[in-house]
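Below, all heavy atoms of this structure are taken into account, side chains as well, without hydrogens, waters or symmetry copies. Order of the sequence lines fixes the chain letters, A, B, ..., with proteins taken first and strands second; residue numbering starts at 1 for each chain.
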Protein chains: 2
Amino acid sequence: MRSVTSIDVAKLAGVSQSAVSRAFSSSASISDRTRQKVLAAAAALGYRPNRIPSIMLSGRSCMVGVVIGGLDNPFYASALERLAIALRQAELQVLLVQVDDALTLDTALDQLASYRIDAIVTSLAVGSKSVADALSELQTPVICFNSSLVGPWISTVVSNNYGAGQTAAGIFLKQGVTNPVWLAGPAKNAASRARAEGFCDTLKRASGHSGALIKLRGDDTYQSGYNAVRRLLQRGVRPDGIFSSNDMMACGVLDALRERGELHCPDDVIVVGYDNIPQAAWHGYDLTSFDQRTDQMVAVAMDMLDTALQTVDHPYSETRLINAQLIERGSTRPGN
Amino acid sequence: MRSVTSIDVAKLAGVSQSAVSRAFSSSASISDRTRQKVLAAAAALGYRPNRIPSIMLSGRSCMVGVVIGGLDNPFYASALERLAIALRQAELQVLLVQVDDALTLDTALDQLASYRIDAIVTSLAVGSKSVADALSELQTPVICFNSSLVGPWISTVVSNNYGAGQTAAGIFLKQGVTNPVWLAGPAKNAASRARAEGFCDTLKRASGHSGALIKLRGDDTYQSGYNAVRRLLQRGVRPDGIFSSNDMMACGVLDALRERGELHCPDDVIVVGYDNIPQAAWHGYDLTSFDQRTDQMVAVAMDMLDTALQTVDHPYSETRLINAQLIERGSTRPGN
DNA sequence: TTGTAAGCGTTATCAT
DNA sequence: ATGATAACGCTTACAA
């Protein structure tokens with residue numbers, strides 16, 4: 001079934017092909033009479049303008065490659081949703097690429113490049129040098145969320161992870177925490193490392209906590225947070241403050257505490273997470289957390305994207321920092 | 001910056017443009033020598049084949065429009081991720097469209113059509129007649145998850161909602177529930193309605209429960225489940241079994257029960273959800289639920305997609321039912 | 001196996 | 001305001 005073309009419409013309407021084109025373009029000079037004729041013919045034939053040829057002519061596809069992974073984390077799912085909305089409003093299409101590892105990323109990039117996407121947006125937490133190189137090679141603007149990637153075509157909007165770490169430490173100091181625990185995410189996660197630095201630096205500077213700080217390693221999943229605290233308690237350690245690199249793990253932490261029953265949050269131990277996922281607000285957790293303000297981050301990303309798309313031909317690179325917002329909930333309010 | 005074309009490569013390699021084309025096509029007759037020359041030249045220039053022209057020629061874009069919404073529900077997020085993986089393996093691109101209402105869907109469909117996508121896959125729970133009409137008009141294969149949409153170009157893979165409702169009722173009967181509660185999703189959600197029917201029919205048939213069944217209405221969010229049960233308890237009602245149309249609401253139910261403290265799950269009241277989202281397995285909830293087996297559903301959808309893409313020109317329509325799998329957890333195991 | 005040339009469905013340019 | 005014509009970058013007959 002050959003689809004209906006502008007030639008067909010032109011023939012039926014008794015006008016030229018260019019008239020059809022103009023009828024569907026808002027910024028063209030065409031008489032109302034002609035436009036009506038064209039639209040009527042188009043409707044009769046069920047014609048829909050085909051954007052593919054115009055991509056060839058303009059070199060711009062108005063498609064943006066969105067590279068994601070880990071949608072099981074509600075934070076990324078929600079970020080994707082907001083981003084998709086923003087891109088739609090900017091009249092850009094989303095070419096979605098799901099990636100679990102660097103390998104799939106490589107082939108995915110080839111695919112994206114062959115579709116002549118105008119830019120790439122990614123929230124991948126990974127930040128290896130090779131990935132950055134692969135991205136730069138595309139000569140296509142790349143906007144990252146929370147990554148440590150650097151390169152000529154790469155721009156980044158990052159949450160102020162270090163600052164949030166400091167704020168978390170401030171809470172711990174104010175509440176007189178003496179046995180703090182840091183629950184880290186994967187080692188390769190740059191955001192997690194920055195949170196750790198802000199947290200540890202501040203605690204260290206404030207007093208003799210330096211030696212006391214216990215560092216656990218998780219992988220950003222609920223189960224890893226649960227396991228980490230379970231093991232800690234089994235070893236007989238009694239922390240009175242836990243800062244988790246993300247909310248998923250923090251939920252695991254809270255469940256492990258509750259199940260074990262020795263230490264109660266927030267009276268015996270306070271807990272702080274990161275991301276402010278919906279579950280943090282659930283009554284069963286009531287978790288203090290840092291909101292990354294994805295709406296702001298997305299807005300900034302769109303702004304950068306705008307600039308990058310105008311500065312075509314020239315590698316554009318910028319980094320912008322967004323302060324996370326502390327959302328205090330019950331998990332840091334003892335005596336309630 | 002004009003991008004590198006096959007003409008450039010041909011010139012450098014000292015071959016014709018068709019030779020370049022053949023070098024990048026696996027099913028073309030070309031000598032190894034020529035291919036090497038071409039590949040070398042391509043690498044030197046950083047040439048990447050452009051798929052856009054071939055879309056024009058073949059009329060197939062190898063892009064599938066994926067229409068989603070409600071990613072804040074982990075079930076949909078996970079379904080999207082699985083679908084994206086399956087599509088990538090089938091070498092199909094994902095053109096993502098985020099939709100919150102019928103209005104955005106309409107404009108979104110126009111966009112999709114103008115990019116000449118080969119098919120549409122959607123997990124939208126809505127199923128209005130007008131949406132179905134709009135989809136059919138595209139003359140493009142549509143694969144739906146869990147929808148009640150019908151139309152010449154529309155195929156559907158549905159969870160056996162009715163059967164799962166029956167199974168849930170079976171649990172209630174076995175446990176001797178006398179004050180059952182059904183917590184419904186939005187009225188427009190066909191899946192939710194089917195679950196209700198299977199559940200109610202079975203209870204009714206079994207005994208005198210018919211009159212006793214309390215029906216509450218939620219909107220598939222955590223908060224609506226929480227509120228519904230809170231109000232119920234405040235009214236002095238004491239249910240001993242609650243079947244929730246989805247897990248998000250069921251988590252709200254469990255938190256409301258726990259917070260109120262009068263009725264304990266599972267000893268005083270058992271709770272069953274639907275979707276088997278990750279949170280159902282969290283230790284804080286330990287919620288019995290129905291797993292829709294999205295892996296199977298996605299596999300079936302891909303199978304249908306395959307058929308639909310081969311049967312181009314002819315409207316293809318089919319409906320396939322997948323049995324949900326009961327995952328029994330603590331919320332239905334009293335006396336543990 | 002290789003090269004030549006036509007064509008895919010638009011939009012932009014240039015006359016009229 | 002309108003119509004003719006030339007691109008856009010590739011694939012695919014067809015010819016050699």
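Atoms OG and CG, from A:Ser61 and A:Asp118 in turn, are 4.0 Å apart once rounded to the nearest 0.5 Å.
Here the closest heavy-atom approach between residue A:Val9 and residue A:Val38 is recorded as CG1-O, 3.8 Å. Closest approach of A:Ile68 to A:Ser123, counting heavy atoms only: CG2-OG, 4.1 Å.
Contacts of A:Arg35 classified as side-chain hydrogen bond (donor to acceptor under 3.5 Å, both in side chains), with partners at least two apart in sequence or in another chain: none. Residues passing the salt bridge (charged side-chain N to carboxylate O under 4.0 Å, His left out) test with A:Asp72, sequence neighbours excluded: none. B:Tyr316 meets the side-chain hydrogen bond (donor to acceptor under 3.5 Å, both in side chains) test with B:Glu318; sequence neighbours excluded. Applying the side-chain hydrogen bond (donor to acceptor under 3.5 Å, both in side chains) rule to A:Ser58 yields no partners; only residues at least two apart in sequence or on another chain are considered. Residues forming a side chain to side chain contact (heavy atoms under 4.5 Å, CB included) with A:Ser18 (at least two apart in sequence, or on another chain): A:Ser16, A:Arg22. Contacts of B:Asp106 classified as salt bridge (charged side-chain N to carboxylate O under 4.0 Å, His left out), with partners at least two apart in sequence or in another chain: none.
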Using atom types as modelled, flag every donor-acceptor pair under 3.5 Å from a side chain in residues 91-100 of chain A to any protein atom, sequence neighbours excluded.
from    : atom 1 : to       : atom 2 : distance (Å)
A:Gln93 : NE2    : B:Gln111 : OE1    : 2.4
A:Gln98 : OE1    : B:Arg88  : NH1    : 3.4
A:Gln98 : NE2    : B:Glu81  : OE2    : 2.7

Side chains of residues 294-306 of chain A: which donor-acceptor pairs under 3.5 Å do they make with residues two or more places apart or in other chains?
from     : atom 1 : to       : atom 2 : distance (Å)
A:Thr294 : OG1    : A:Arg82  : NE     : 3.2
A:Asp303 : OD2    : A:Arg320 : NH1    : 3.3

Given protein heavy atoms under 4.0 Å, the one-letter contact record of nucleotides 8-16 of chain D, with B base, S sugar-phosphate only and - none, is simply BBBBB----
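For DNA chain C, the contact window with chain B, defined by any atom under 4.0 Å from a protein heavy atom, covers C:dT1 to C:dG9 in 5' to 3' order.
A:Tyr47 and A:Phe24 have their aromatic ring centers within a separation under 6.0 angstrom.
Summary for the helix from C:dT1-D:dA16 to C:dT16-D:dA1: the axes at its two ends, each from 5 pairs, differ by 30° when rounded to the nearest 10 degrees.
A heavy atom closer than 4.0 Å to some atom of DNA chain C occurs in no member of residues 27-34 of chain A.
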